Amino acid sequence: MSRRVSHRVKIDNGDVIMKRLLAFILENYKVACIFTVIFIAVSSLASVIGSLFIKSLIDDYITPLLNTDTSDYLPLIKALMMMAGIYMIGIISTFCYNRILVNVSQGCLKRVRDSLFEHMEKLPISYFDTHAHGDIMSIYTNDTDTLRQMISQSIPQLISSIITIIGVLISMISISIPLTVIVLIIVVIIKNVSSSIIRKSSTYFIAQQRNIGKVNGYIEEMMAGQKVVKVFTHEKKTIEQFDKVNNDLFESAYKANLYANVMGPIMGNLGYINYVVCAIAGGLLSIYTHSITVGGLGAFLQLNRSFSMPINQISQQVNSVVMALAGAERIFKLLDEPIETDDGKVTLVNAKITDGKLVESDKWTGIWAWKHPHSDGSVSYVRLQGDVRFENVDFGYVKDKIILHDINLYAKPGQKIAFVGATGAGKTTITNLINRFYDIQKGTITYDGIDIKLIKKDDLRRSLGMVLQDTHLFTGTIMDNIRFGRLDATDDEVIAAAKLANAHDFIRHLPDGYNTNLSSDGASLSQGQRQLLSIARAALCNPPVLVLDEATSSIDTHTEAIVQDGMDRLMSGRTVFVIAHRLSTIQNSDVIMVLDHGRIIERGDHDSLLAEKKTYYELYTGALELD
């Protein structure tokens with residue numbers, strides 16, 4: 001594993017990120033931070049004063065006892081007690097600021113995760129299409145943990161070190177200017193050496209954070225696709241690919257920690273050299289010039305150690321700060337991602353008919369209406385019926401690559417519209433446009449005569465029920481998973497929805513019935529059972545418009561016969577968009593649309609399309625197969 005990491009990275013706008021991070025901390029914990037700085041200052045100054053007190057202790061109390069025959073140790077005892085008191089104040093202050101920092105660091109991490117999750121829920125679907133889920137998870141874990149380390153250790157250590165350096169420098173100058181000059185010369189050498197090492201290690205610490213995200217993303221992807229890996233026996237290939245990304249992490253982490261670990265011994269040894277040089281120079285000054293006393297030399301040497309230590313600590317903490325800034329950069333990058341825009345003003349409300357007019361109701365009446373405010377201050381109500389129309393719609397996931405061309409369709413209330421076509425023809429894309437997961441580049445989509453861009457997205461999606469081919473079940477009970485369709489539903493309503501979807505029979509035969517706990521996306525259930533729960537969830541939502549995207553594709557023919565009756569009852573009186581590979585499930589559709597490469601090439605009912613003897617006829621008779 002000697003391959004070099006060829007990509008060196010740096011933090012963009014590091015100063016801006018640091019200012020933003022500090023602003024976030026102070027916004028929520030300003031008072032706590034003020035007290036933390038005060039306690040850090042007291043702790044640091046107590047250490048400096050304690051070291052400086054050594055001069056007085058030796059020169060004023062110990063030396064006189066050595067030069068006289070007196071046995072009065074009371075002044076010395078009082079001096080020692082005073083010195084102990086100074087250190088005790090420092091100990092208490094250290095305990096206090098560390099106790100406060102536990103609350104600040106953990107509180108900040110909680111707020112960061114809350115902010116991340118709240119913002120993530122507002123991001124468009126396209127963001128998750130283009131970002132590895134494991135990499136996003138790494139932001140919640142590794143990157144936030146680097147902030148904890150910086151807040152609880154690095155920043156306090158830096159503040160303490162700066163205060164200590166200032167206090168010690170002033171104290172050393174007061175004792176001996178010549179010795180202070182010697183110390184400063186050696187400190188300049190230490191600074192130059194540490195700066196060179198820090199520059200190299202920082203590059204690799206930043207790369208390490210980003211490579212951790214890549215490794216996590218790959219692991220998450222492989223866990224989700226483990227069945228596919230085993231079916232195609234690609235374990236060896238995936239191991240090789242993992243070794244590649246893991247090797248990048250190894251290289252960056254190895255070199256980052258190599259430089260960081262080398263810095264400690266180098267700085268420590270330079271500190272010892274500093275101490276020895278000062279001891280020799282101080283001894284000569286004391287013997288030949290008498291410009292410094294024995295007590296002064298002892299105090300200076302103690303201060304010298306106190307001066308070298310914070311410099312070493314600053315050098316060591318810089319890497320932690322760099323890692324935290326790299327993590328903060330990724331956190332703020334996610335937080336700065338543009339959220340899903342919603343300029344809609346039309347909302348969905350309960351309604352009732354009073355004196356022949358449609359008016360808003362404050363309770364469920366079984367009637368829904370679109371509440372449409374106008375620029376003149378007036379409000380109109382349009383009954384929700386499920387009239388969906390596409391007019392001259394063009395769309396592409398990338399603006400310069402259109403995949404749907406001039407789509408025109410008209411779904412009248414209560415109609416069943418089916419889409420047929422090869423994989424990639426654009427069937428699912430059309431249904432994703434109805435709920436505005438993506439916005440079109442050209443044309444209009446109307447819902448009960450209202451442009452869907454005018455409807456608030458939450459209200460638009462609340463009026464739509466979706467049953468997807470890839471079901472997703474959450475960790476929790478079966479009751480909770482069905483209730484996800486409408487969170488305020490009662491247990492009886494959940495059971496009624498399950499019966500409608502013909503899921504009730506298999507649920508009641510489970511050991512705990514509706515209280516059966518599910519995990520790992522419902523892995524303990526068959527694919528058909530999971531799909532039935534998804535259908536029950538949509539039934540509970542009781543939407544006027546249904547989107548069934550290959551809803552029965554994962555169900556065997558026996559189970560399909562069981563669920564078909566429930567599906568028919570679910571679809572009764574609703575506008576339904578159906579995507580299906582099994583043509584037998586859509587024969588009773590009002591309109592069947594055949595798509596090819598993003599264009600509608602045929603439309604009509606089952607009988608009329610068979611009579612035309614074109615693509616649909618070939619599909620139905622088996623002359624042409626869907627791929």
Side-chain angles (χ1 to χ4, degrees), residues 9-41 44 97-123 127 131 135-163 195 198-199 201-213 216 252 256 260 310 313-339:
V9 292
K10 64 179 181 179
I11 299 176
D12 297 324
N13 301 319
D15 293 340
V16 175
I17 294 173
M18 177 59 83
K19 289 178 182 178
R20 185 174 177 182
L21 184 58
L22 292 177
F24 175 83
I25 298 171
L26 293 174
E27 178 184 359
N28 299 289
Y29 296 97
K30 187 174 183 179
V31 174
C33 288
I34 291 173
F35 276 102
T36 298
V37 173
I38 292 173
F39 283 125
I40 290 175
S44 301
Y97 80 71
N98 278 301
R99 178 65 183 83
I100 295 173
L101 283 173
V102 170
N103 180 58
V104 173
S105 61
Q106 294 303 322
C108 282
L109 259 62
K110 177 184 180 302
R111 290 176 182 271
V112 166
R113 288 191 291 264
D114 285 342
S115 299
L116 284 170
F117 192 82
E118 181 180 349
H119 187 78
M120 185 184 73
E121 290 295 284
K122 299 176 182 178
L123 294 176
Y127 177 82
H131 291 76
D135 192 34
I136 298 174
M137 281 298 303
S138 183
I139 295 175
Y140 282 90
T141 53
N142 295 299
D143 293 327
T144 54
D145 190 62
T146 60
L147 295 187
R148 176 199 58 77
Q149 185 174 352
M150 187 183 78
I151 295 171
S152 62
Q153 298 179 23
S154 300
I155 291 181
Q157 194 69 257
L158 290 173
I159 295 173
S160 175
S161 297
I162 291 171
I163 294 174
S195 296
I198 289 171
R199 279 194 299 270
S201 63
S202 296
T203 298
Y204 293 108
F205 271 117
I206 298 169
Q208 174 186 305
Q209 285 302 112
R210 298 184 181 178
N211 288 334
I212 287 174
N216 287 343
S252 57
Q313 290 172 343
I314 289 176
S315 301
Q316 293 169 2
Q317 296 303 327
V318 165
N319 285 322
S320 296
V321 172
V322 170
M323 287 178 61
L325 289 179
E329 182 183 34
R330 285 161 51 83
I331 290 171
F332 290 137
K333 185 177 180 181
L334 193 155
L335 291 175
D336 291 338
E337 284 289 338
I339 64 173

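Fair warning: this is a prediction, and the values are worked out from it, not measured in the lab.
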- Hey, is the main chain of Phe24 close enough, under 3.5 Å, to the side chain of Asn28 for a donor-acceptor pair? yes

- How many angstroms lie between NZ in Lys110 and OG1 in Thr144, if you round to the nearest 0.5 Å? 13.5 Å

- Query: How far does CG of Leu158 sit from CE of Met150, to the nearest 0.5 angstrom?
  - Reply: 9.5 Å

- Would Arg111 and Asp114 pass as an ion pair if we require N to O under 4.0 Å? no

- Query: When you look at CE of Met120, are more than 12 heavy atoms from neighbouring residues, nucleotides or ligands closer to it than 6.0 Å?
  - Reply: yes

- Query: What do the steps show when you test Ile100 against Tyr29 for side chain to side chain contact (heavy atoms under 4.5 Å, CB included), and what is the final call?
  - Reply: CA-CA 10 Å; Ile100 295 173; Tyr29 296 97; over 6 Å; no

- Message: Using a 3.5 Å distance criterion without hydrogens, assess whether the side chain of Ser105 forms a donor-acceptor pair with backbone atoms of Leu101.
- Response: yes

- Quick one: pull up CZ in Arg113 and CD1 in Ile139 and give me the separation to the nearest 0.5 Å. 13.5 Å

- So, Glu329 and Lys333, do they make that salt bridge, N to O below 4.0 Å? no

- Message: Could you measure the distance from the CZ atom of Phe39 to the CD1 atom of Ile34? Nearest 0.5 Å is fine.
- Response: 12.5 Å

- Rounded distance [0.5 Å steps], OG in Ser160 versus CD1 in Ile155: 13.5 Å

- Leu334 to His119 - nearest heavy-atom pair and separation: O-CD2, 3.1 Å

- Item | Minimum heavy-atom distance between Cys108 and Ile151, given as atom pair plus value | CB-CD1, 3.8 Å

- N/O donor-acceptor pair under 3.5 Å between His131 side chain and Ile136 backbone: no

- Note on the structure: Taking every heavy atom of Leu147 against every heavy atom of Ala328, the minimum-distance pair comes out as CD2-CB, 4.0 Å

- Note on the structure: Shortest non-hydrogen pair, Ile212 vs Ser138, comes out as CG2-OG, 3.7 Å

- Find out whether Ile40 and Thr36 are in side-chain contact, i.e. whether some heavy atom of one side chain is under 4.5 Å from a heavy atom of the other. yes

- Interatomic distance, CD1@Ile17 vs CD1@Ile331, rounded to 0.5 Å, equals 10.5 Å

- Check step by step if side chain to side chain contact (heavy atoms under 4.5 Å, CB included) holds for Asn98 and Val102. CA-CA 6 Å; Asn98 278 301; Val102 170; 5.9 Å; no

- Query: Are the side chain of Thr146 and the backbone N or O of Asp143 linked by a donor-acceptor pair below 3.5 Å?
  - Reply: yes

- Closest heavy-atom pair and its distance - Asp135, Arg330: OD1-NH2, 3.1 Å

- Message: Ignoring hydrogens, what is the shortest heavy-atom contact between Tyr97 and Pro156? Give both atom names and the distance.
- Response: CE1-CB, 4.4 Å

